[in-house]
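Inspection log for the structure reproduced underneath, given as C-alpha cells.
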2 protein chains.
Amino acid sequence: MNAARARKQRLPALTRTEVAARDRLGELDIDLPSTTAVSNIFRAANAARNYLERKVLRDYELSFSGFTVLWVLWIDGPQETRRLAEEAGITKGTLTGVLKTLEGLELVRRTTPDEDRRLTIVHLTTRGKRRMQQVFPKFNQAEAQITAGLNNREWAGLVTGLRGVLAQIQALEDD
Amino acid sequence: MNAARARKQRLPALTRTEVAARDRLGELDIDLPSTTAVSNIFRAANAARNYLERKVLRDYELSFSGFTVLWVLWIDGPQETRRLAEEAGITKGTLTGVLKTLEGLELVRRTTPDEDRRLTIVHLTTRGKRRMQQVFPKFNQAEAQITAGLNNREWAGLVTGLRGVLAQIQALEDD
DNA sequence: ATAATATCGTTTGGGCCCCAACGAAATCAA
DNA sequence: TTGATTTCGTTGGGGCCCAAACGATATTAT
C-alpha cells in the first residue's frame, strides 16, 4: 500500500515545520503523514504533561508518575509491583524509585505477603486516599480544559486514532 | 456545556480500566471522557517512544531527545539554543545536557557569534548530517508501521484531535 | 533431597527532565 | 557614562527513566 500518497490529498493542512520537512526531504522516499501523526502525539503529550504538572500536581507534591501510580492504586486497589508498573506504563526499576518518594510522603505502603515472600504488595494509605480525593477533581478539571476545544466527533476521532496506534504497537511488539 | 454527558452516548467503548474508573468515581462529578482522551495520549506517546528508541535509535547511539534535536537542526538549519529548545519541546537547561552528549558524539557543534556574544548557535557537523541521512529513513519506516493500522479518515481524525488539544493548551498558557 | 531454573523487587549507571539561581553580555535610563 | 534592567546559556539539585546485573525466594527436574 502507499498510504503516504493517498493521505497527502487529505485533510489537515501542513504546518510551517511540516512544509520545511517536505522540502528538505524531497529526494528521499518518506512517509510524511506518519511523521505528522507521530510527532503530534509527542507534542500533545509533552504539552499536556507539563501543563498538568505545573497547574495541578505541583500544589500537591506529586510528579506525573507519582500521580499515575496513585491513580492506578486508587482505581484498581492494592497490587504487586510488577502489575503496578505495567499499569502505570513504567518499568519495575523506575517504579521502585517512585514508590520510595511516595512512601516518604506516607501516601503508599509496601507489604510482603507470607504466601510468596518474593512479592511486594503496594497499597494506598489513608493519607494517600485523601490526597487522591483532593487532587483528582482538580486534575480532571484541567483535563476537561485541555480537551474543551474538541466537539464530540473530534473527541471520538482522537480516541479511536490513539487506540489504533496503541493496538498496532502492541501487535508489533508481539512479533 | 456538559460535554461529559453528551460524549458518554458516543463512540468508542470503554476499556476495562475505564469501567473500573467509572465505578470507583460514581459519587464524584467527573468528566470521564476527558480522562479517556488525555490518558490515551500519554499511553500512546509512551508506547511509541519506547518502541522507536528500542527498535531504531538504540542502534545509532541516539536518545529520543537527541534525535529530536538533530531533526530540528536538519530541517530548520543552524539556530540559537533558545529556539532549538522550544522546537524540540524541552527546556533550555535540558538542552544543555543533550547538546553535551551530541557534541561528545561529534554530531553537533556550538559557536558564539561576534554580533552578540550571549548567544550560542548550534549546527550539525558533517557526521551529524550523515547520521540523520542514515537514521531518519529507518525511523520513518517505524513511524509508518506504528500508524499502519489507521485508514485515511482515522489518520485525519487523530491529527485533527491532537492539534485541537495543542491549540487549547497553548491558549490556556497565554492566560 | 538437592541442584538447576524461573521469577520476584531492588540496585546501579548513564542519560533526560524541570525549575530556580547564576554570571556574562547587551540594552536601556538617568 | 555608568548604573539598572533584560536576555543569553549554563549550572546544580531532586526526581524520573531504562536496561542490565543482582540477591532472595519459589518452583521444577533429577
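Chain letters run A, B, ... following the sequence lines, proteins first, then strands; residues in each count from 1.
Out of dG9(D), dT25(D), dA26(C), the shortest distance to the side chain of D116(B) is found at dA26(C). The side chain of S65(A) sits closest to dC17(D) out of dC17(C), dG9(C), dC17(D). Comparing dC16(C), dC17(D), dG9(C) by their nearest atom to the side chain of T94(A) picks out dC17(D).
Between V69(A) and the choices L124(A), T101(A), L102(A), the side-chain contact (heavy atoms from CB on, under 4.5 Å) rule is met once, by L102(A). Each of L84(B), I121(B), V122(B), L119(B) was scored for a side-chain contact (heavy atoms from CB on, under 4.5 Å) with Q79(B), with one residue passing: L84(B).
Map L95(A) and T101(B) each onto its nearest nucleotide of DNA chain C; the residue landing nearer the 5' end is L95(A). Judged by closest nucleotide on DNA chain C, L119(A) is the one of E53(A) and L119(A) placed further toward the 5' end. Checking G89(A) against E115(A), the closest nucleotide of DNA chain D that is more toward the 5' end is the one next to G89(A). Nearest-nucleotide assignment on DNA chain D puts the 5′-proximal partner with G97(A), out of G97(A) and R58(B).
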request  = Given side-chain hydrogen bond (donor to acceptor under 3.5 Å, both in side chains), test T35(B) with N140(A) step by step and report yes or no.
outcome  = CA-CA 7 Å; T35(B) 296; N140(A) 183 246; 3.0 Å; yes

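Taking 4.0 angstrom as the limit, T96(A) places a side-chain polar atom (N or O) nearer than this to OP1 or OP2 of dT10(C). The side chain of S63(A) places an N or O atom within less than 4.0 Å of a non-bridging phosphate oxygen (OP1 or OP2) of dC16(D). For R54(A), a side-chain nitrogen or oxygen approaches OP1 or OP2 of dC19(C) to under 4.0 Å. Distances shown here put a side-chain N or O of R49(B) below 4.0 Å from the OP1 or OP2 atom of dC17(C).
Between the CG atom of L99(B) and the P atom of dC16(C) there is a distance of 10 Å, rounded to whole Å. The separation between I90(A) atom CD1 and dC17(C) atom P is 16 Å, rounded to whole Å. Residue L57(A) contributes atom CG, which lies 17 Å from atom C1' of dG14(D) at whole-angstrom precision. For the pair R83(B) CZ and dG9(D) C1', the computed distance is 17 Å after rounding to whole Å. Rounded to a whole Å, the CZ atom of R82(B) is 12 Å from the C1' atom of dG9(D). Taking atom CZ on F64(A) and atom C1' on dC17(D), their separation rounds to 14 Å, with Å as the unit. Atom P of nucleotide dG9(C) and atom CD of Q79(A) are separated by 11 Å, given to the nearest angstrom. When the P atom of dC16(C) is taken as reference, atom NZ of K92(B) falls 19 Å away, rounded to whole Å.
Between the side chains of T120(A) and T81(A), no donor N or O sits under 3.5 Å from an acceptor N or O. For the residue pair T94(A)/T91(A), the side-chain donor-acceptor check at 3.5 Å is satisfied.
Residues of residues 107-114 of chain A that place a heavy atom closer than 4.0 Å to DNA chain C, in numerical order, are R110(A).
Note on T81(A): only backbone sugar-phosphate atoms sit closer than 4.0 angstrom, heavy atoms only; bases stay farther off.
Taking each heavy atom of V98(B) and G66(B) in turn, the nearest pair found is CG1-CA, 3.9 Å.
In terms of polar N and O atoms assigned as donor or acceptor, the side chain of R118(B) comes within less than 3.5 Å of the base of dT7(D) in a complementary pairing.
At least one donor-acceptor pair closer than 3.5 Å links the side chain of T125(B) to the backbone N or O of E106(B).
Aromatic pair Y60(A)/F67(A): centroids not less than 6.0 angstrom apart.
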